[in-house]
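Please read all numbers here as calculations on a predicted model, not as lab measurements. All values below come from the heavy atoms of this structure, side chains included, with hydrogens, waters and symmetry mates left out. Lettering of chains follows the sequences in order, A, B, ..., and the numbering in each one begins at 1.
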Amino acid sequence: MAAISFAGERHALAAGETVLECLERTDHEIPFSCRNGTCLTCMMRLRTGTLPEASQAGLREGQKQQGYFLPCVCRPNVDLEIEAPADAELFGRAMVSEVTQLTLSVCRLRLRTATPLFYHAGQFINLRRGDGLVRSYSLASVPRFDDALELHVKRLAGGRMSNWICHELAVGEPLDIQGPNGDCYYIGGEPDRPLLLIGNGSGLAPLYGILRDALADGHKGPIHLYHGSRTAMGLYYGDELQALAKANKNFQYVACLSGDEGGAVPGARAGRAETVALAEHRDLSGWRVYLCGYPPMVQTAKKLAFLAGAALQDILTDAFELRDLRRLRRD
Amino acid sequence: MSESLFQRIGGTVAVDAAVDLFYRKVLMDPHVMHFFDSTDMDDQRAKQKSFLTMAFGGPHEYTGQDLRAAHAPLVADGLNDSHFDRVAGHLQATLEELEVDENCIAEVMAIAGGTRDDVLNR
Ligand code: HEM
Ligand code: FES
């Protein structure tokens, strides 16, 4: 079995164990959130040894070269010497500039950073509050339009971060941010490619950014955005999206209601956004598809979009993890 | 020197062209799709590329023993000749759709056929 050296100690890994699990077993406090390689919260750095490819899969090229890796998905074959990255390498400072309720359960958080963040609309950042709790949120803002970073926070039952943001966080308070991360964003240079954007609930956040980025880039191909919600009250930014649809002939906005009101609300389609979207677009060959929301919808829609002809590398996803519902470690 | 089968088919470009077509056929075939119900489609796609590279006579590092190991859990789940024939059929249909030359198709099918005993762990 391989072993890891960390903070002057050496620990042998148990069979099948990840580096994160091993460090927890040996009483090290490593920040984590998703535990599946998505959120980058647990990022550490290699000193010596060879990393398994999977432990760097979600990282940028520069990060890989500097030896960053994700201990939650790292099952090494050889001994590794590792270190926690210096905090300043990963986290920067931001200040809350606005908290606004958008729907009963979604609020908009705007942040300003001391130094500008270079990002693409649709990527995600990690927020860390004073006690070390970390959560990921997608960027609805577009660098060329918005000075502030905009995030849509869905309040989850029992969600420590989301409830705190929506109820307690006040303008002027500081937050640490890490990022940008992820590859779910508008890719320029193909102005004629048709785009299908599907999101449920606060999954609209990255899509709202991607859409405005695409339009501002002069995208000419058709863009169809399907926003799904159970209730009409859960739909937000309807006016903004309708205005964009009016101003841009190639953009169509479709609201979908999966609950009882489906069909009763003028202008909205009845059914789940992914079901309606894929029924209205049966041939997706040559399309780029963006899927944002909870993992089961993202997984199902990804398979259906692929079977409808979209190439797998043209299906970009932002799957929200239900981090607050996970079993908490040792408490 | 005459070109290898892999070169004549078009190398990695051909693999890229074939992989989505082939994967789609497999996922839509009720007879075999349950073997491919992996949650991570990108991971599956990478494995399909390995499969195609091998069948196209391209560079690969798989031994018969590796093929046995990769498919042993599937055999335990009932993988048999009928499934093998379906997958081979999808491979052939993919190549025909891409208008690959008949002789090349025959060579590919011979390579794939030659792995039957390893894949089925016999
Ligand atoms: C025609 C001959 C076949 C060849 C040459 C072949 C080759 C391969 C190769 C090279 C891999 C990748 C192994 C790895 O890197 O882990 C693989 C994986 C796989 N094959 Fe095949 N295969 C064949 C037939 C089949 C058939 C008939 C089925 C099922 C109907 C099948 C189902 C799978 C599955 C599900 C995996 C992924 C296993 C995993 O996730 O670890 N294969 N195959
Ligand atoms: S906890 Fe490791 S990437 Fe999310």
Side-chain angles (χ1 to χ4, degrees), chain A residues 16 18 34-39 52-59 70 72-75 77 182-184 193 198 274 278 281-291 293-322, chain B residues 10-53 55-56 59-63 65-66 69-70 72-73 86-87 89-91 93-100:
Chain A
T18 64
C34 71
R35 301 185 79 95
N36 65 20
T38 309
C39 73
E53 217 177 293
S55 69
Q56 294 187 301
L59 302 182
L70 303 173
C72 67
V73 287
C74 181
R75 294 185 174 81
N77 309 314
D183 55 11
C184 185
R193 195 192 268 272
I198 307 175
E274 68 276 18
L278 290 159
H281 299 278
R282 294 189 177 275
D283 182 4
L284 294 176
S285 36
W287 286 62
R288 179 164 289 130
V289 182
Y290 293 88
L291 305 170
Y294 291 120
M297 121 54 186
V298 168
Q299 295 315 335
T300 310
K302 184 170 180 177
K303 185 161 165 181
L304 294 174
F306 175 65
L307 293 179
L312 213 42
Q313 72 264 26
D314 290 330
I315 306 176
L316 304 181
T317 62
D318 185 1
F320 299 174
E321 301 292 333
L322 287 168
Chain B
T12 51
V13 177
V15 172
D16 284 335
V19 64
D20 278 357
L21 282 181
F22 174 69
Y23 188 18
R24 221 170 261 133
K25 289 187 199 306
V26 169
L27 278 183
M28 285 202 268
D29 178 352
H31 198 66
V32 295
M33 61 196 210
H34 59 281
F35 289 110
F36 297 86
D37 256 346
S38 144
T39 46
D40 191 318
M41 291 180 69
D42 299 291
D43 192 46
Q44 269 297 343
R45 183 176 189 271
K47 286 184 178 160
Q48 310 273 346
K49 281 179 93 160
S50 312
F51 164 84
L52 293 172
T53 305
F56 291 3
H60 68 88
E61 285 163 11
Y62 292 107
T63 62
Q65 213 46 49
D66 294 333
R86 299 292 293 219
V87 170
H90 294 315
L91 177 60
T94 302
L95 297 171
E96 284 166 0
E97 227 172 292
L98 291 171
E99 298 182 352
V100 170

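Atom CG of N36(A) and atom CG of D40(B) lie 10.5 Å apart (nearest 0.5 Å). In this structure, CE on M33(B) lies 6.0 Å from NZ on K303(A), to the nearest 0.5 angstrom.
Residue Q313(A) comes nearest to R45(B) through the heavy atom pair OE1-NH2, 3.2 Å, listed as atom of the first residue, atom of the second, then distance. Here the closest heavy-atom approach between residue M41(B) and residue L312(A) is recorded as O-CD2, 3.6 Å.
Proximity to chain A among residues 12-27 of chain B is limited to D20(B), Y23(B), R24(B), L27(B), judged by heavy-atom separations below 4.5 angstrom.
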